[in-house]
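Quick note: numbers below take in every heavy atom, side chains included, and nothing from hydrogens, waters or symmetry partners.
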Amino acid sequence: MERQRKIRQLEIEEKLIEEETARRVEELVAKRVEEELEKRKDEIEREVLRRVEEAKRIMERQLLEELERQRQAELAAQKAREEEEKCKREELEKILEENNRKIADAQARLAEEQLRIVEEQRKIHEERMKLEQDRQRQQKEEQKMILGKGKSRPKLSFSLKATE
């Protein structure tokens with residue numbers, strides 16, 4: 001038992017020595033790291049600044065590229081809108097021209113129709129005048145006949161015969 005206790009005690013001592021050694025090594029490493037950091041502080045700061053500047057340049061370049069892509073997309077969209085508006089305007093102009101042509105055709109037909117109506121009215125008026133003149137002429141002839149003017153009626157001869 002004594003022996004086991006000694007073995008245990010030796011193990012505990014070894015463990016303590018290992019822990020102490022590990023602690024000292026850790027402290028020594030931390031101290032050396034700190035010394036190295038102190039020595040290289042300027043170098044590390046320069047490297048950090050260089051990397052930050054490089055990352056900043058990369059981000060700026062990417063941002064500029066993105067802005068350029070957006071600008072190009074907006075220009076393309078605007079061009080498409082302008083093209084669409086131009087097409088619509090041309091279509092509306094065609095429709096307007098077609099409507100104007102239809103209106104002109106309708107006005108021409110209306111003018112022809114009005115001219116035809118006026119011509120028909122003139123003919124009707126001429127026919128009425130002719131009928132009226134014929135009626136008046138016929139009426140005058142009838143009056144002449146009734147009145148016996150202008151050799152319109154044969155002369156009647158009256159003779160008396162003696163009656164036996």
(request) Please examine the side chains of E35 and K31, heavy atoms only from C-beta on, and report whether any two atoms are closer than 4.5 Å. (result) yes
(request) Would you mind telling me which of K86, Q78, E84 makes a side chain to side chain contact (heavy atoms under 4.5 Å, CB included) with E82? (result) Q78
(request) List the steps and the verdict of side-chain hydrogen bond (donor to acceptor under 3.5 Å, both in side chains) for Q136 and E132. (result) CA-CA 6 Å; Q136 285 178 359; E132 182 64 27; 3.2 Å; yes
(message) Using the rule side chain to side chain donor-acceptor pair (under 3.5 Å), only one of E119, E112, E120 pairs with R116; which is it?
(response) E120
(message) Is it the case that over 12 heavy atoms from other parts of the model lie below 6.0 angstrom from the CZ atom of R135?
(response) yes
(request) Only counting residues at least two apart or in another chain, list the ones meeting salt bridge (charged side-chain N to carboxylate O under 4.0 Å, His left out) with R3. (result) none
(request) With the side chain counted from C-beta on, respond yes when R61 and R57 share a heavy-atom pair under 4.5 Å apart, and no when they do not. (result) no
(request) Could you verify whether a donor N or O on one side chain and an acceptor N or O on the other, from Q72 and E68, lie under 3.5 Å apart? (result) yes
(request) Enter the distance from L49:CG to D42:CG here, rounded to the nearest 0.5 Å. (result) 10.5 Å
(message) If hydrophobic clusters are built from ILVMFWY residues whose side chains come within less than 4.5 Å, do V52 and I44 share one?
(response) yes
(request) Scan M129, K123, Q121 and name whichever one has a side chain to side chain contact (heavy atoms under 4.5 Å, CB included) with H125. (result) M129
(message) Tell me whether V33 shares a hydrophobic cluster with V25, the cluster being built from Ile, Leu, Val, Met, Phe, Trp, Tyr side chains joined at under 4.5 Å.
(response) yes
(message) For the CD1 atom of I17 and the CD1 atom of I12, what is their distance to the nearest 0.5 Å?
(response) 12.0 Å
(request) Could you walk me through whether R71 and E74 pass side chain to side chain contact (heavy atoms under 4.5 Å, CB included), step by step? (result) CA-CA 5 Å; R71 189 180 70 80; E74 287 175 12; 5.5 Å; no
(request) Kindly determine whether R51 and E47 satisfy salt bridge (charged side-chain N to carboxylate O under 4.0 Å, His left out), including the steps that lead there. (result) CA-CA 6 Å; R51 288 183 182 182; E47 180 65 19; 2.9 Å; yes
(message) Assess whether a salt bridge exists between E27 and R24, defined as any Lys/Arg side-chain N lying under 4.0 Å from an Asp/Glu carboxylate O.
(response) no
(request) Enter the distance from L10:CG to K15:NZ here, rounded to the nearest 0.5 Å. (result) 14.5 Å
(message) Rounded to the nearest 0.5 Å, what separates atom CG in L16 from atom CD in E19?
(response) 6.0 Å
(request) Using a cut-off of 6.0 Å, state whether more than 12 heavy atoms not belonging to R101 lie near its atom CZ. (result) yes
(message) Between E26 and R23, is the salt bridge (charged side-chain N to carboxylate O under 4.0 Å, His left out) condition met? List the steps.
(response) CA-CA 5 Å; E26 195 175 302; R23 184 184 62 78; over 6 Å; no
(message) Using the rule given for side chain to side chain contact (heavy atoms under 4.5 Å, CB included), can you reason through E65 versus R69, listing the C-alpha separation, both sets of side-chain angles and the distance that settles it, and then say yes or no?
(response) CA-CA 6 Å; E65 288 172 356; R69 279 193 298 273; 3.9 Å; yes
(message) Looking at R8, I'd like to know if its CZ atom is crowded, meaning that more than 12 non-hydrogen atoms belonging to other residues, nucleotides or ligands lie closer than 6.0 Å.
(response) no
(request) Give the intermediate values and the outcome of salt bridge (charged side-chain N to carboxylate O under 4.0 Å, His left out) for residues K88 and E85. (result) CA-CA 5 Å; K88 284 181 181 179; E85 288 174 5; over 6 Å; no
(request) Might you confirm whether atom CD of E90 has over 12 heavy atoms from other residues, nucleotides or ligands at distances under 6.0 Å? (result) yes
(message) The criterion is side-chain hydrogen bond (donor to acceptor under 3.5 Å, both in side chains); which residues satisfy it with Q138, sequence neighbours excluded?
(response) none
(message) I need the E53 CD to E60 CD distance, nearest 0.5 Å.
(response) 8.5 Å
(request) Please tell me if the side chains of E93 and R89 come closer than 4.5 Å, counting only heavy atoms from C-beta onward. (result) yes
(message) Is there a side-chain contact between C87 and E91 in this structure, where contact means two heavy atoms from C-beta onward sitting under 4.5 Å apart?
(response) no
(request) Rounded to the nearest 0.5 Å, what's the gap from CD on Q4 to CD on E11? Could you check? (result) 10.0 Å
(message) Does this structure show an ion pair linking E83 with K79, if we count only N-O contacts that are shorter than 4.0 Å?
(response) no
(request) Examine I58 and V48 and state if one hydrophobic cluster contains both, with Ile, Leu, Val, Met, Phe, Trp and Tyr joined whenever side-chain heavy atoms are less than 4.5 Å apart. (result) no
(message) Quick check: do L67 and L63 have side-chain heavy atoms less than 4.5 Å from each other?
(response) yes
(request) Begin from the C-alpha positions of K94 and E97 and carry the test salt bridge (charged side-chain N to carboxylate O under 4.0 Å, His left out) through to its verdict. (result) CA-CA 5 Å; K94 286 179 185 177; E97 287 176 14; over 6 Å; no
(message) Under a plain distance cut-off of 3.5 Å, with no hydrogens placed, do Q62 and E66 share a side-chain donor-acceptor pair?
(response) no
(message) side chain to side chain contact (heavy atoms under 4.5 Å, CB included) for R122 and E126? Distances and angles first, verdict last.
(response) CA-CA 6 Å; R122 185 187 60 78; E126 285 178 0; 2.3 Å; yes
(request) Please say which of Q107, R109, K102 ends up in a side chain to side chain contact (heavy atoms under 4.5 Å, CB included) with D105. (result) R109
